[in-house]
Asks: 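Dropping the structure in here first, questions after.
Naming convention: chains lettered A, B, ... in sequence-line order (proteins, then strands); numbering from 1 in each chain.
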2 protein chains.
Amino acid sequence: MNSSASTKERILTSAEALFAQRGFEGASLRQLTAAAGVNLAAVNYHFGSKEKLVEEVFKRRLDQLSARRLAALKQVAGQPETTLEDILAAFIRPALDLSHDGGGGLFMRVLARAFAEHDDSLRKFLSENYGHVMRQFTTEFARLLPHLSKEELYWRIDLVTGALTHAMSGFGIIQRKSDVSETTHREQTAAHLIRFSAAGLSAP
Amino acid sequence: MNSSASTKERILTSAEALFAQRGFEGASLRQLTAAAGVNLAAVNYHFGSKEKLVEEVFKRRLDQLSARRLAALKQVAGQPETTLEDILAAFIRPALDLSHDGGGGLFMRVLARAFAEHDDSLRKFLSENYGHVMRQFTTEFARLLPHLSKEELYWRIDLVTGALTHAMSGFGIIQRKSDVSETTHREQTAAHLIRFSAAGLSAP
DNA sequence: AAGGAAATCAAACGATCGTTTGAGCCTACA
DNA sequence: TGTAGGCTCAAACGATCGTTTGATTTCCTT
């Protein structure tokens, strides 16, 4: 393992990968610390408990994702020439980009898994810490889709989120072919998601 | 627990509920058998192992789901007056209906969770046992969407599946309000999904 | 260089996991 | 009614889990 990084960082990186592969319950601290090349007790020393470690893994990536989404949204929000596709790109592209840099690709599987685990405390955590991001996007969507009722809009944004999560979790039938670069595949995924979502959101 | 059902049935029912709540690794055989009101050893006696039990839980519901989907599709497939919404309804409604009868609602959380766990053996299992169902639906979609390339069509069906899975897993922001009956809420969910998906599939 | 806090380490803790065992129960068939 | 076989039961198995301990090492400050 990367011995130049700090023990804490190495634990976080290995934890993200192992949680994605085996789940939160399936990944043991012994596997995790062995992969990171650190002592077993280091997790409890640096994070307090396994549960706190899970929270840190989430926080590290979600903070990154939210910042990038808001930065992208800021460049197009409120402007009269902004299209629905622009807003969707600001929502979708930062998420897909996490798959590329810093090995954060595995995080999306972690997130998809956490969604499926349907934990109410996670729901609360997401709502409290990142609800304002969704609120800003919802405001922009509402501006561009004035014919939709609030409930109708909530529903459709939720379905876009579902499609995005599913695509990111990589479970679908669409697999990257060996003759397509990762960057190209990600760009194609974004294009498909944006086109599909824009049409779905615009449904009469 | 329902003491009239057989031990095997009681185990399957409790397993489905507990797997949905706590995951496959999180739900222990001791919790499971206690909830079912049967002896701990009954699982290994009747199913052989915990893993085999998981497979049985899947098979029981997926066989049901596939049969209902194909039955619904059969009534509209190939007919000239069939709309995209009809095909989508045959795809979506049986899945949502599982939430209603036989306590199968929890199963969809199990399935969503399994999707997120991203197990290759599960992917193979689904493809081998239920791939023909998706193939029949794809054929119908292709008939009604002749302007789409094969790859484009696969992508969009995949995104529909994502939206459906997300909605069924119940994690989204949309929660059933207490003054809306379960039946009504399900009908609204189906309507939103069908309208959104039809527009998404029909995107230029 | 000395001292002390921070970090790492091997080892062990109690709890819980899936599974197995072997004795007993119940039921159906002779 | 006797008995074989499917089934249930309490109990225990070894393995692994997250966590804690106390000694030791590392590193920074004075």
Asks: Are a donor atom and an acceptor atom from the side chains of B/Tyr130 and B/Asp63 found within less than 3.5 Å of each other?
Replies: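 The criterion, which ignores hydrogens and geometry beyond distance, is satisfied for B/Asp63 and B/Tyr130.
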Asks: Quick one: how far along DNA chain C does chain A reach, first to last nucleotide 5' to 3', anything under 4.0 Å to a heavy atom?
Replies: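 Listing 5' to 3', DNA chain C meets chain A from C/dA6 to C/dA12.
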Asks: What pair of heavy atoms forms the shortest contact from B/Val57 to B/Ala15, and how long is it?
Replies: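 Where B/Val57 meets B/Ala15 most closely, the heavy atoms are CG2-CB, 3.9 Å.
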Asks: Which residues satisfy the side chain to side chain donor-acceptor pair (under 3.5 Å) test with B/Glu140, sequence neighbours excluded?
Replies: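 Partners of B/Glu140 under the side chain to side chain donor-acceptor pair (under 3.5 Å) test: B/Arg143.
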Asks: Any side-chain donor-acceptor pair under 3.5 Å between B/Thr161 and B/Asp158?
Replies: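 No, no side-chain donor-acceptor pair sits under 3.5 Å.
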Asks: Between A/Ser28 and B/Ala42, which residue's closest nucleotide on DNA chain D lies nearer the 5′ terminus?
Replies: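 By nearest-heavy-atom nucleotide position, the 5'-most residue is B/Ala42.
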Asks: Keeping B/Gln136 on the side-chain end and B/Val133 on the backbone end, is there a donor-acceptor pair under 3.5 Å?
Replies: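 Here the side-chain-to-backbone pair does not exist.
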Asks: Need one value for A/Ala41: base, sugar-phosphate or nothing, where a base atom within 4.0 Å counts as base even if backbone is also close, heavy atoms only.
Replies: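 The residue A/Ala41 makes base contact.
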Asks: Mind checking what makes ring pair (Phe, Tyr, Trp, His ring centres under 6.0 Å) contact with A/His192, not counting sequence neighbours?
Replies: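 Expected list: B/Trp155.
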Asks: For B/Glu187, which residues count as a side chain to side chain donor-acceptor pair (under 3.5 Å) partner, sequence neighbours excluded?
Replies: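 Counting only residues at least two positions away or on another chain, B/Glu187 forms a side chain to side chain donor-acceptor pair (under 3.5 Å) with B/Arg93.
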Asks: Has the side chain of A/Lys8 got a donor or acceptor atom that lies under 3.5 Å from a matching backbone atom of A/Ala42?
Replies: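 No, A/Lys8 side chain to A/Ala42 backbone: no donor-acceptor pair under 3.5 Å.
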Asks: What are the residues of residues 44-51 of chain A, sorted by number, that bring a heavy atom to within less than 4.0 Å of DNA chain C?
Replies: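 Under 4.0 Å from DNA chain C: A/Tyr45, A/His46.
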Asks: Let me know which of B/Arg61, B/Arg69, B/Arg186, B/Arg68 forms a salt bridge (charged side-chain N to carboxylate O under 4.0 Å, His left out) with B/Asp97.
Replies: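 Between B/Asp97 and the candidates, salt bridge (charged side-chain N to carboxylate O under 4.0 Å, His left out) is satisfied uniquely by B/Arg186.
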Asks: Starting at the 5' end of DNA chain C, which residue's closest nucleotide do you reach first, A/Thr7 or B/Leu29?
Replies: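 Going by which nucleotide is closer to the 5' end, it is A/Thr7.
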Asks: Can you see if the side chain of B/Asn39 gets near the phosphate of D/dC7 - specifically, an N or O under 4.0 Å from OP1 or OP2?
Replies: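 For B/Asn39, the contact criterion (side-chain N or O under 4.0 Å from OP1 or OP2 of D/dC7) is not met.
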Asks: Over its full length, what angle do the end axes of the helix from C/dG4-D/dC27 to C/dA30-D/dT1 make, each axis taken from five pairs and the result rounded to 10 degrees?
Replies: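 Computed from the C1' atoms at both ends, the axes differ by 0°.
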Asks: Mind listing the closest non-hydrogen atom pair of A/Leu144 and A/Thr82 along with its distance?
Replies: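 Minimum heavy-atom separation between A/Leu144 and A/Thr82: CD2-O, 3.6 Å.
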Asks: Can you tell me how far the NE2 atom of B/His132 sits from the OG atom of B/Ser66, to the nearest 0.5 Å?
Replies: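 The OG atom of B/Ser66 is 6.0 Å from NE2 of B/His132, to the nearest 0.5 Å.
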Asks: If you pin A/Arg30 and A/Val38 to their nearest nucleotides in DNA chain C, which one's is more 5'?
Replies: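 The residue mapped nearer the 5' terminus is A/Val38.
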